[in-house]
Undergrad: 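Handing you a structure now.
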Protein chains: 2
Amino acid sequence: MTRRQEIMGTALGLMRKKGYLNTSMRDIASSVNMEAASLYNHIKSKEEILIDTCFGLAETLEIGIKEVNDIYFNAAEKLAMAIHNHIQALTQDLNASHLFVHEWRHLSDDKRAQFIQRRDLYEKEFRDIVILGFEEGEFKDVDPKFATLTILASLNWVGEWYRPQGEMQPKEIAEKLTHFILSGLQKN
Amino acid sequence: MTRRQEIMGTALGLMRKKGYLNTSMRDIASSVNMEAASLYNHIKSKEEILIDTCFGLAETLEIGIKEVNDIYFNAAEKLAMAIHNHIQALTQDLNASHLFVHEWRHLSDDKRAQFIQRRDLYEKEFRDIVILGFEEGEFKDVDPKFATLTILASLNWVGEWYRPQGEMQPKEIAEKLTHFILSGLQKN
DNA sequence: TTGGAAAACTAACAAGTGTTAGTTAGTTTT
DNA sequence: AAAACTAACTAACACTTGTTAGTTTTCCAA
């Protein structure tokens, strides 16, 4: 593991625990036993940590949803795989996920605009699956935007309660979520 | 409107837009055309803004769920009303909601502990409704904790996209969410 | 063994932080 | 008219912030 990776990893951990703004370069430095100024031999700025993390995870998610659209044909299958990929990506690195879900707001103006654009695009890919399901006659006539936001809310929230050492593993979480979203809570 | 309320309202607006940590007392002061030091004639500290807001909304939600448990008897009805109350409380003041959902992390240690305790209690009330539904034979045999977290995630996320001037009003949002949660996306 | 890059250090800067002290003008109560 | 209260002010404190400059140490390839 390079020194840069070590710094990034440590920084992400602190930022998840205390928040991005509340984590100072001196905090990060002392966690890897060096001086704040020395960090700049490895990273360009504090914001670079946020940028690399947010856009890195964005790319992972984009690749995931593109794969789904290439391979599967019916909406229920697509949705199941999209959920699976999303949960895998998020639970892979909870520290990074926290920055992705919560701290992107603190990106500088132009980076934030870029980020929102990519997030909206990802959201649209999800929405298209819901719409496809309706066109297939398999899904109810729900408001696609509303449904998509509700689904993504459930997915993103997993990062708040998932514990790697807990009893529920990402695969199982994805399956339960898929089932919950597709068929709801009530017996019929 | 008292000066205090004016300050609180303005502060909440800024904190939603820029984040709690990123909003300085000087920012708040200049937004109400006074000096930072003068704010202390009306509020005790910066944290008081966060405390009052988080615990105020917590109380509103607690009252709401208690009412539901007193009045209604079957789980589906209880859940519908609980969702309705929750959405009403959150959409009532989006600025306050933002602090409640996102910024409570920045409460001081003891206040944060109190907050988490009350939030967990509220969560438990929701969970009990899900459990009741299963005992009635009306709900599926889902993991109650998992289901509750997923439901609350959907509810809390509404604050991210709801716009008072938009076409969907709180009552309608609550109804759609209830329907979505109870019966899911797929036709049967 | 040596030359040079990589990676650490110290010191400092300029700006911003929440908050307190002390003061003053204007209003209300005694 | 005197006293007390309210709400504003200026000035300052003590500290933290991200970052840069300049210097020294570490370490590996030739």
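Side-chain atoms are counted along with the backbone in the values below, which use heavy atoms only and exclude waters and symmetry mates. Just so it is clear: chains get the letters A, B, ... in the order the sequence lines come, proteins before strands, and each one is counted from 1.
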Undergrad: Taking the side chain of A/Arg3 as its heavy atoms from C-beta onward, which of D/dG18, D/dA7, C/dA8 lies nearest to it?
TA: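 From the listed options, C/dA8 comes nearest.
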Undergrad: Got B/Lys140 and A/Gln186 here, is their nearest side-chain heavy-atom distance under 4.5 Å?
TA: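 A side-chain contact is absent here, since even the closest heavy-atom pair is not under 4.5 Å.
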Undergrad: Is D/dT23 paired to anything, Watson-Crick or G-U wobble with both distances less than 3.5 Å, and if yes, which nucleotide?
TA: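 With both distances under 3.5 Å, D/dT23 matches C/dA8.
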Undergrad: To the nearest Å, how far apart are A/Asn41 CG and D/dT20 C1'?
TA: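 My rounded result for the distance is 12 Å.
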Undergrad: Please step through side chain to side chain contact (heavy atoms under 4.5 Å, CB included) for the pair A/Asn69 and A/Asp128, ending with a clear verdict.
TA: CA-CA 10 Å; A/Asn69 274 321; A/Asp128 285 345; over 6 Å; no
Undergrad: What distance separates A/Met15 CE from A/Thr10 OG1, expressed to the nearest 0.5 Å?
TA: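 Between atom CE of A/Met15 and atom OG1 of A/Thr10 there are 11.0 Å.
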Undergrad: In this structure, how many angstroms lie between the P atom of C/dT19 and the CD atom of B/Glu48, rounded?
TA: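 Spelled out: CD on B/Glu48 to P on C/dT19 is 10 Å.
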Undergrad: Given side chains that start at C-beta, do those of A/Glu77 and A/Val68 come closer than 4.5 Å, heavy atoms only?
TA: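 A/Glu77 vs A/Val68: side chains apart.
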Undergrad: Tell me the interatomic distance from A/Glu35, atom CD, to C/dT10, atom P, rounded to whole angstroms.
TA: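 Computing the A/Glu35:CD to C/dT10:P distance gives 5 Å.
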Undergrad: Nearest-Å distance, NE2 (B/His106) to C1' (C/dG18)?
TA: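 It works out to 16 Å between those atoms.
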Undergrad: Whole-Å distance between D/dG22 P and A/Tyr40 OH?
TA: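 Those two atoms, OH and P, are 17 Å apart.
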Undergrad: From C/dT19, C/dT10, C/dT20, pick the nucleotide closest to the side chain of B/Ala37?
TA: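 Given the options C/dT19, C/dT10, C/dT20, the side chain of B/Ala37 is closest to C/dT20.
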Undergrad: I want to check something: taking the side chain as every heavy atom from C-beta on, are A/Leu61 and A/Phe100 in contact at a cut-off of under 4.5 Å?
TA: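 Side-chain contact under 4.5 Å: yes.
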Undergrad: So, does B/His42 get its side chain near the phosphate of D/dA8, meaning an N or O under 4.0 Å from OP1 or OP2?
TA: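 Yes, such a contact exists.
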Undergrad: How long is the line joining CE of B/Met34 and C1' of D/dC9, in whole Å?
TA: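 The answer, rounded to whole Å, is 11 Å.
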Undergrad: In whole Å, I'd like the distance from the NZ atom of B/Lys46 to the P atom of C/dG18.
TA: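 Roughly 4 Å, once rounded to whole Å.
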Undergrad: Return the OH to CH2 distance between A/Tyr20 and A/Trp104, rounded to the nearest 0.5 Å.
TA: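 So the OH of A/Tyr20 and the CH2 of A/Trp104 are separated by 14.5 Å.
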Undergrad: Among residues at least two apart in sequence or on other chains, which ones pass salt bridge (charged side-chain N to carboxylate O under 4.0 Å, His left out) with A/Glu48?
TA: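 Salt bridge (charged side-chain N to carboxylate O under 4.0 Å, His left out) list for A/Glu48, sorted by chain: A/Arg4.
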Undergrad: Just to be sure I understand the geometry, which residues of residues 15-30 of chain B put a non-hydrogen atom under 4.0 Å away from DNA chain C?
TA: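 Those residues are B/Thr23, B/Ser24, B/Met25, B/Arg26.
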